[in-house]
Amino acid sequence: MHSIPERDWKVVKQLHPVLLQRYCQQCFQEVHALTEEDDCDYHDAYQALYDLVHKRNKAMRDLFDGLTRSKATLMVLAWKNDNLLTDEEFERFSEATQTLVNHIHLL
């Protein structure tokens with residue numbers, strides 16, 4: 001895989017905790033939506049919550065675990081694929097990294 005430039009590696013390390021928080025916030029919004037309705041069937045909601053937590057835990061592992069420079073480009077690609085990065089955050093990366101990620105993203 002592409003060796004990420006030092007400046008982009010620094011951006012990855014800065015964005016990692018920000019995007020993790022954003023991801024967790026999205027998870028909590030989904031949890032809240034499970035019981036938002038007044039006539040909620042709590043047993044069904046509990047099952048949906050169980051399924052959601054398992055699905056989101058796997059996704060969180062794939063998106064955030066093992067922060068290393070050798071995996072950084074793949075992480076940026078995963079963050080982009082999962083719509084966690086804003087346009088402004090993505091533009092913080094070098095043109096070379098943006099081009100590579102965009103190219104792979106479109107495949």
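- The ring-ring contact (aromatic ring centres under 6.0 Å, His included) test applied to Tyr23 returns Phe64, not counting sequence neighbours.
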Which pairs would a plain distance check flag for residues 42-49, meaning a side-chain donor or acceptor within less than 3.5 Å of a matching protein atom at least two apart in sequence or in another chain?
residue : atom : partner : partner atom : Å
Gln47   : NE2  : Asp51   : OD1          : 3.1

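- A pairwise comparison of heavy atoms in Asp8 and Phe93 identifies OD1-CA, 3.4 Å as the closest pair.
- In this structure, Arg92 and Arg7 approach most closely via the heavy-atom pair O-NH2, 3.2 Å.
- Across Trp79 and Leu63, no two heavy atoms sit closer than the pair NE1-O, 2.9 Å.
- In terms of modelled atom types and a separation under 3.5 Å, the side chain of Glu30 and the main chain of Cys27 share no donor-acceptor contact.
- When the ring-ring contact (aromatic ring centres under 6.0 Å, His included) test is applied to Phe28, no partner is found at least two apart in sequence or on another chain.
- Val18 and Met60 fall into different hydrophobic clusters, where Ile, Leu, Val, Met, Phe, Trp and Tyr are joined by side-chain heavy atoms under 4.5 Å apart, directly or via other members.
- Going from atom CG of Leu77 over to atom CD1 of Ile104 covers 5.5 Å, rounded to the nearest 0.5 Å.
- The line from OG1 of Thr97 to CD1 of Ile4 is 4.5 Å long, rounded to the nearest 0.5 Å.
- Looking only at side-chain heavy atoms (C-beta outward), Leu84 and Gln26 come within less than 4.5 Å of each other.
- More than 12 heavy atoms of other residues, nucleotides or ligands shown are found within 6.0 angstrom of CD on Glu6.
- Closest approach of Met75 to Leu67, counting heavy atoms only: SD-CD1, 3.5 Å.
- Contact between Lys80 and Leu85 at its shortest, heavy atoms only, is N-CD1, 4.1 Å.
- Taking CD of Glu89 as the reference point, atom OG1 of Thr86 lies at 3.5 Å (rounded to 0.5 Å).
- Interatomic distance, Arg69 CZ to Lys10 NZ, rounded to the nearest 0.5 Å: 9.5 Å.
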